[in-house]
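Every chain is numbered from 1 and lettered A, B, ... according to where its sequence line falls, protein lines coming before strand lines. This one's a predicted model, so the numbers in the text were calculated from it and none came from an experiment.
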2 protein chains.
Amino acid sequence: MQRIATISDVAHLAGVSIATASKALNGKDQVRAETRQRVLEAAEQLSFRPNPAARSLLGGPTKTVGLLTSDSVGRFGIPVLLGAEDAFGAGEMAVLLCDARGDSIREQHYIRTLLARRVDGIIVVGESTDARPSITRDLGVPVVYAYGPSDDPDDVSFVPDDLEGSRTAIKHLVTLGRRRIAHVTGLATYQAARERAEGAAAALADAGLEPGPVFWGQWSQRWGRQAAAMVLHADPEVDAVFCGSDQIAAGFIEAARERGRRVPEDIAVVGYDNWEVLAAESRPPLTTIDPNLEVLGRTAAQHLFAAIDGRATPGVHRMPVQLVIRDST
Amino acid sequence: MQRIATISDVAHLAGVSIATASKALNGKDQVRAETRQRVLEAAEQLSFRPNPAARSLLGGPTKTVGLLTSDSVGRFGIPVLLGAEDAFGAGEMAVLLCDARGDSIREQHYIRTLLARRVDGIIVVGESTDARPSITRDLGVPVVYAYGPSDDPDDVSFVPDDLEGSRTAIKHLVTLGRRRIAHVTGLATYQAARERAEGAAAALADAGLEPGPVFWGQWSQRWGRQAAAMVLHADPEVDAVFCGSDQIAAGFIEAARERGRRVPEDIAVVGYDNWEVLAAESRPPLTTIDPNLEVLGRTAAQHLFAAIDGRATPGVHRMPVQLVIRDST
DNA sequence: TACATTTCCGAAAACCTTTTCAGTTTTTCG
DNA sequence: CGAAAAACTGAAAAGGTTTTCGGAAATGTA
């Protein structure tokens with residue numbers, strides 16, 4: 001087992017004092033270029049990494065951030081988390097992972113733990129796009145909310161732009177010449193469902209079409225199948241359906257096919273989420289809206305950096321989403 | 001924002017020396033009960049949390065572990081990671097998350113970072129059950145491998161027992177009276193595919209049946225559909241198929257149905273992984289093997305605790321898996 | 001050469017906690 | 001009561017890094 005090199009090992013190898021070594025390594029300008037070079041080489045040779053504990057003892061940054069997920073990291077949390085981890089890794093930050101499992105007691109506990117460890121900032125990853133209680137007040141460290149925004153508009157939040165996403169989906173269908181467009185989505189208790197329906201209605205109005213019916217249900221394949229029956233019965237002439245999730249869309253396609261409708265010839269289907277396993281594997285592969293969650297996570301992380309630097313950017317930021325065109329339209 | 005209390009604040013408030021306060025707080029037995037009480041109250045009042053940085057500087061445990069994933073995008077890593085996080089959280093451990101994205105340079109970098117931060121131990125979460133190079137040598141901290149074992153048998157590794165899982169699947173089919181059992185699975189370059197095929201063959205032999213054909217392909221739904229055609233063509237009398245993954249099984253079921261075979265009446269199907277979205281939503285819902293990944297992760301974490309305590313348990317430990325019976329058999 | 005600047009370097013303090021060791025007080029026992 | 005043992009307390013050091021400040025060396029000026 002190799003002993004981990006300390007700065008005094010480096011200083012000794014370079015033949016300078018500890019103080020000089022520190023200054024050389026941190027880019028202070030009181031060191032001759034040639035001396036600095038020697039120190040840097042010594043550090044390289046010993047693969048020296050400053051001990052963050054010692055550093056933070058001085059009151060400096062700990063180069064550590066907390067990643068607090070409110071619910072056991074679901075399907076949506078993961079990419080956000082990865083994007084954030086990616087950005088932090090590049091910034092020499094270490095990420096402390098805390099999964100509160102939807103338990104607010106546990107969340108409080110984790111927040112205290114994170115503060116005791118003197119994290120420089122916290123990212124809160126939500127489980128849905130519904131607003132969640134702010135934890136920012138009096139915390140003493142910057143907080144950025146990703147996916148699920150804070151209920152305090154002065155906090156910094158990043159959410160996917162579902163309004164724009166659903167507009168894009170509808171516009172795509174209209175461009176293809178579809179005129180009778182239904183919308184099948186999840187529970188209206190979800191902000192995501194409400195916003196997607198709202199965006200869809202707005203886009204239909206823009207196109208001079210009357211808003212089609214909205215079918216609210218579960219976020220499941222089963223509901224997609226049920227809804228197919230309802231939609232086709234309610235309006236046999238329907239030529240397109242915009243689904244609030246890929247799961248719903250996958251169920252819808254399946255049931256529509258069984259009823260003899262060809263996709264996309266008779267009825268075009270657009271999903272939401274771009275959940276690869278469903279969207280790419282369904283038959284035909286699904287046109288869908290990709291919420292770019294990894295980019296969202298990365299962006300949130302970068303803004304946490306900024307906030308740590310004192311350049312916070314309050315507000316709920318809507319991140320662009322993307323239309324992924326496959327064979328279902 | 002209030003200044004964070006230090007132990008000397010506590011000592012001062014309680015009217016004792018710093019040393020006494022420390023001993024009282026850490027349960028050392030050289031403090032009179034009444035003194036201890038006073039200190040504890042003072043700590044409570046100031047909501048004092050010891051600074052882990054200062055603590056770790058002394059060479060004591062940092063109460064921090066590294067969670068190194070080679071590819072956490074993979075859906076297998078996630079539950080393992082959650083289980084581990086769960087166990088650590090309960091043990092007052094903080095988890096440093098590092099995602100090397102399958103890049104060994106990056107992995108080296110992260111390992112150095114973790115060491116510089118003086119983690120007490122590291123869990124390495126693999127992306128597949130194939131053995132991966134050991135990082136344990138000369139590291140100076142205990143390492144436990146979860147899901148993907150180390151290639152060094154002296155390391156501590158935890159993997160799902162695919163051999164037993166596939167035996168269970170076959171036994172289940174045999175119990176149901178099925179006799180002509182095919183096996184459709186992924187690429188033979190995967191240890192998982194090889195072991196599952198091996199276990200299946202062994203179980204068939206145990207039952208006095210001749211091993212059916214094995215179809216190697218991709219881990220995809222598409223391959224499942226293709227394979228259905230091949231299997232049904234090769235042996236029209238086949239009455240069961242054991243698939244190496246739920247994706248394959250889902251594809252198989254779909255294609256079999258299209259060819260007029262009823263599941264499970266004409267042909268029973270068992271999947272592998274218990275990937276909820278596929279297994280529970282397919283029609284009919286899939287009987288499948290659940291590898292219990294979250295338990296595996298938790299167990300690995302607990303054994304890391306043990307290893308940190310000096311009670312390592314070398315070897316590759318095969319963790320039990322579970323048959324989940326649904327409607328496809 | 002003598003002096004004033006400028007440049008560079010190193011000693012030491014500070015950060016917070018734990019632990020050791022020596023000193024002080026209390027208790028026990030003959 | 002006196003001595004020995006036990007119980008308790010506090011000063012100080014250690015751990016790795018950054019920063020401040022004073023001093024030394026090098027350079028420029030008279």
Side-chain angles (χ1 to χ4, degrees), chain A residues 2-40 42-43 46-64 92 94 113 115-120, chain B residues 2-40 42-43 46-64 92 112-120 140:
Chain A
Q2 78 257 8
R3 210 174 67 74
I4 295 165
T6 73
I7 197 173
S8 64
D9 297 329
V10 174
H12 192 253
L13 181 60
V16 298
S17 76
I18 294 177
T20 305
S22 171
K23 276 178 285 201
L25 291 169
N26 293 296
K28 293 289 158 67
D29 59 353
Q30 290 165 313
V31 184
R32 201 165 30 176
E34 179 244 323
T35 308
R36 177 187 312 265
Q37 188 55 33
R38 230 170 48 233
V39 173
L40 289 176
L46 298 171
S47 67
F48 164 76
R49 309 287 307 265
N51 183 334
R55 202 177 234 172
S56 80
L57 209 44
L58 278 303
T62 52
K63 295 281 185 185
T64 308
E92 300 276 276
T113 304
L115 289 181
R117 285 180 186 262
R118 310 294 195 273
V119 293
D120 296 333
Chain B
Q2 77 276 18
R3 210 176 67 77
I4 296 165
T6 75
I7 197 173
S8 66
D9 297 330
V10 174
H12 191 252
L13 180 59
V16 298
S17 76
I18 292 177
T20 304
S22 172
K23 276 178 284 204
L25 291 169
N26 293 298
K28 292 289 158 65
D29 58 354
Q30 291 164 312
V31 182
R32 200 166 33 177
E34 180 245 322
T35 309
R36 179 186 310 270
Q37 187 55 33
R38 227 170 50 232
V39 173
L40 288 177
L46 299 170
S47 67
F48 165 77
R49 306 287 304 266
N51 183 334
R55 202 176 234 169
S56 82
L57 211 44
L58 276 304
T62 53
K63 295 283 187 184
T64 308
E92 299 278 275
R112 285 227 304 277
T113 303
L114 290 174
L115 290 180
R117 286 182 185 261
R118 307 295 194 275
V119 293
D120 296 333

For this session: Report which part of the nucleic acid B:Ser56 touches: base, sugar-phosphate, or nothing (heavy-atom distance under 4.0 Å, all strands).
Result: nothing
For this session: Quick one: label B:Lys28 by what it contacts on the DNA or RNA (base, sugar-phosphate, nothing), any heavy atom closer than 4.0 Å.
Result: sugar-phosphate
Over how many whole Å does the gap from [X] atom [atom1] to [N] atom [atom2] extend?
| X | N | atom1 | atom2 | result |
| --- | --- | --- | --- | --- |
| B:Arg36 | D:dA7 | CZ | P | 14 Å |
| A:Ile18 | D:dG15 | CD1 | C1' | 12 Å |
| A:Leu25 | D:dG16 | CG | C1' | 13 Å |
| A:Gln30 | D:dG23 | CD | P | 16 Å |
| A:Asp29 | D:dT20 | CG | P | 12 Å |
| A:Lys63 | D:dT17 | NZ | P | 15 Å |
| B:Arg49 | C:dT17 | CZ | P | 12 Å |
| B:Leu57 | D:dG15 | CG | C1' | 4 Å |

Problem set entry | Short side-chain N/O contact from B:Ser8 to OP1 or OP2 of C:dT17, under 4.0 Å | no
Exercise. According to a strict under-4.0 Å criterion, is B:Asn26 in side-chain N/O contact with OP1 or OP2 of C:dT18?
Worked result: yes
For this session: Starting at NZ of A:Lys23, measure out to OG of A:Ser17 and round the result to the nearest 0.5 Å.
Result: 6.5 Å
Seminar exercise, completed: CD1 (A:Ile4) and CG (A:Asp9) are apart, to the nearest 0.5 Å, by 11.0 Å
Among [options], which is the nearest nucleotide to the side chain of [X]?
| X | options | value |
| --- | --- | --- |
| B:Asn51 | D:dT17, C:dT17, C:dG10 | C:dT17 |
| B:Arg118 | C:dG10, C:dC9, D:dG16 | D:dG16 |
| A:Ile7 | D:dT9, D:dT17, C:dC9 | D:dT17 |
| B:Ser17 | D:dT18, C:dT18, D:dG10 | D:dG10 |
| B:Thr6 | C:dC16, D:dA11, D:dT19 | C:dC16 |
| B:Lys23 | C:dA12, C:dT20, D:dG16 | C:dT20 |
| B:Arg32 | C:dC8, D:dG16, D:dC8 | D:dC8 |
| B:Leu58 | C:dC9, C:dT17, D:dT18 | C:dT17 |
| B:Ser22 | C:dC9, C:dT18, D:dG15 | C:dT18 |

Exercise. Can any side-chain N or O of B:Arg118 pair as donor or acceptor with the backbone N or O of B:Ala116 at less than 3.5 Å?
Worked result: yes
Exercise. Are any side-chain N or O atoms of B:Asn51 and backbone N or O atoms of B:Ala53, one a donor and one an acceptor, separated by less than 3.5 Å?
Worked result: yes
For this session: Check the pair B:Thr113, A:Glu92 against side chain to side chain contact (heavy atoms under 4.5 Å, CB included), reporting the backbone distance first and the verdict last.
Result: CA-CA 9 Å; B:Thr113 303; A:Glu92 300 276 276; 5.9 Å; no
Exercise. Hey, which of A:Arg38, A:Arg36, A:Gln37 is the one that makes side-chain hydrogen bond (donor to acceptor under 3.5 Å, both in side chains) with A:Glu34?
Worked result: A:Arg38
